[in-house]
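Input: a single structure, listed below in structure tokens.
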Amino acid sequence: MKAAVFHKMKDIQVETVEDPKIEDARDCILRVTSTAICGSDLHIYNGMVPQARSMVMGHEFMGIVEEVGPGIQNLKVGDRVVVPFPISCGTCHFCNMNLPTHCENSNPEHYGPEGEIVMAKGAGAGIFGYTDIYGGYNGGQAEYVRVPYADYGPRKVPDNLTDEQVLFLTDIFPTGWAGVDWADVKGGETVVVWGCGPVGIMAMKSAWIRGAKRVIGVDIQPYRLAIARKSANAETINAADVDAVEVIRDMTGGYGADVCIDAVGMEADRTVLEKALNVVQMEKGSMKALEKCMDAVRRGGVVSVLGVYGSPYNNFPLYKWFDKGLILRGGQAWVHNYIDHLISLVQEGKVVLEDIITHTVPLSEASRMYDIFNNKEDNCLKVVLKP
Ligand code: NAD
Ligand code: ZN
Ligand code: ZN
């Protein structure tokens with residue numbers, strides 16, 4: 001089959017690899033019909049999350065069931081499903097606590113309590129196409145993919161919905177939703193989202209659904225701010241032009257936002273000086289976006305961290321967390337816990353997800369599209385690949 005294979009930093013090629021096979025009774029094989037490139041894939045592409053061996057990329061995908069293992073009762077050949085990006089068994093200590101991204105069975109080689117994502121130990125649950133540290137699974141930017149625990153992850157999708165309408169239930173819609181859910185948004189809040197990438201925009205859409213009074217998006221790319229206004233009806237701030245924290249305080253009577261969501265992560269834009277400082281402090285990228293969120297949130301407010309961080313950060317503003325009495329939550333999103341409710345929101349027409357797609361291309365163009373998405377060329381926001 002054809003697949004987008006990661007070889008080394010900035011080197012992803014579409015080539016022929018072995019077809020996946022059923023390896024466990026609870027597996028299924030999916031024929032992928034649509035798959036997307038994620039900002040998280042860029043961390044691998046840019047060498048921020050290391051991977052030594054070649055691996056098929058892709059954790060956002062959906063398709064048609066091609067084959068099922070003998071243990072699978074809930075799916076049959078021909079079913080059309082979307083698949084949550086975390087790989088979770090559904091039966092272990094953490095899955096039973098409704099913490100699927102901490103599943104202790106899906107990443108046997110590198111799982112552990114340490115929480116390391118750049119060392120070879122201590123990461124959480126397996127993730128499709130997301131390095132050996134996250135289980136070494138081949139991903140879904142391919143014609144076929146093996147899906148473990150197929151009786152727990154994949155969800156059937158209604159026939160009347162197109163791939164584009166439901167594809168983002170694999171990751172970015174539940175992830176955006178998690179940012180709002182972790183902040184316990186109940187109605188009436190001002191929610192600021194740092195980062196108007198696909199995840200940030202999904203967080204903004206989720207904030208409205210949960211009853212936010214005001215939704216504000218911050219970015220440094222004018223075209224992405226324009227999409228946030230159009231697709232998520234957000235007010236926007238260009239942090240390249242103004243001090244966004246000051247603007248947010250002005251907009252909120254001096255208090256700051258009730259909730260700030262970091263949808264940027266460690267690959268925030270930086271000056272040369274900031275980069276040098278991060279190198280001296282042995283930091284992977286920068287925690288600049290998180291610091292801005294902690295500044296822009298009101299006293300006693302919540303900061304939800306969706307953006308990925310991959311190392312210790314020595315100047316973490318612990319004193320601000322303490323003095324402002326902030327609640328800080330983050331992590332890989334609990335897709336399994338949210339997905340059924342979110343499918344019903346799509347089905348009822350309460351949210352539109354596909355309006356963030358800027359590029360739909362054959363899988364064969366994956367290499368070029370990684371480059372375009374990474375460099376924010378051609379007004380690229382979200383790429384869908386068709387195997
Ligand atoms: P993306 O790279 O497309 O978006 C990041 C956005 O941040 C870009 O629009 C960029 O212009 C903006 N940005 C960069 N520096 C900035 C700064 N200093 N101030 C304001 N904005 C700035 O990626 P995405 O797909 O939207 O993902 C966003 C983050 O979420 C990534 O770190 C990704 O790995 C992470 N993610 C986490 C989960 C999870 O489960 N927690 C799931 C999916 C993605
Ligand atoms: Zn993703
Ligand atoms: Zn488990």
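First listed ligand is number 1; within each ligand, the first listed atom is number 1. FYI, the numbering just counts along the sequence from 1.
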Please confirm whether Leu306 comes within less than 3.5 Å of ligand 1 when only nitrogen or oxygen atoms on both sides are compared.
-> yes

Leaving waters out, which protein N, O or S atoms fall under 2.8 Å from the Zn ion (ligand 2)?
->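 Only Cys38 SG, His59 NE2, Glu60 OE2, Asp171 OD2 fall inside 2.8 Å of the Zn ion (ligand 2).
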
Answer with yes or no whether [X] contacts ligand 1, where contact means a heavy atom under 4.0 Å from a ligand atom.
{"X": "Ala244", "value": "no"}
{"X": "Val264", "value": "yes"}
{"X": "Lys376", "value": "yes"}

Given [options], which one has a non-hydrogen atom that is nearest to [atom]?
{"atom": "atom 38 (C) of ligand 1", "options": "Ile44, Ile127, Thr175", "result": "Thr175"}
{"atom": "atom 3 (O) of ligand 1", "options": "Glu60, Arg224, Met48", "result": "Arg224"}
{"atom": "atom 40 (O) of ligand 1", "options": "Pro86, Ala333, Gly176", "result": "Ala333"}
{"atom": "atom 28 (C) of ligand 1", "options": "Gly179, Ala263, Ser304, Cys196", "result": "Ala263"}

Taking only heavy atoms of Trp194 into account, list the atoms of ligand 1 that are under 4.0 Å away from them.
->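 Result: 19 (N), 20 (C).
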
Within-2.8 Å protein N/O/S contacts of the Zn ion (ligand 3) = Cys89 SG, Cys92 SG, Cys95 SG, Cys103 SG

His59 versus Asp171, side-chain donor and acceptor atoms under 3.5 Å = yes

Anything under 30° is parallel, anything over 60° is perpendicular, the rest tilted; go ahead and classify His336 against Tyr152.
->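 Rings of His336 and Tyr152: parallel, under 30°.
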
Taking [atom] as the reference point, the nearest protein heavy atom with its distance:
{"atom": "atom 27 (O) of ligand 1", "result": "Val199 CG2, 3.5 Å"}
{"atom": "atom 23 (O) of ligand 1", "result": "Gly39 CA, 3.4 Å"}
{"atom": "atom 44 (C) of ligand 1", "result": "Ser40 OG, 3.1 Å"}

For Lys382 and Ala36, work out which heavy atoms get closest and say how close.
-> CE-CB, 3.7 Å

Is Met9 reachable from Met57 through a run of I, L, V, M, F, W or Y residues, each pair having side-chain heavy atoms under 4.5 Å apart?
-> no

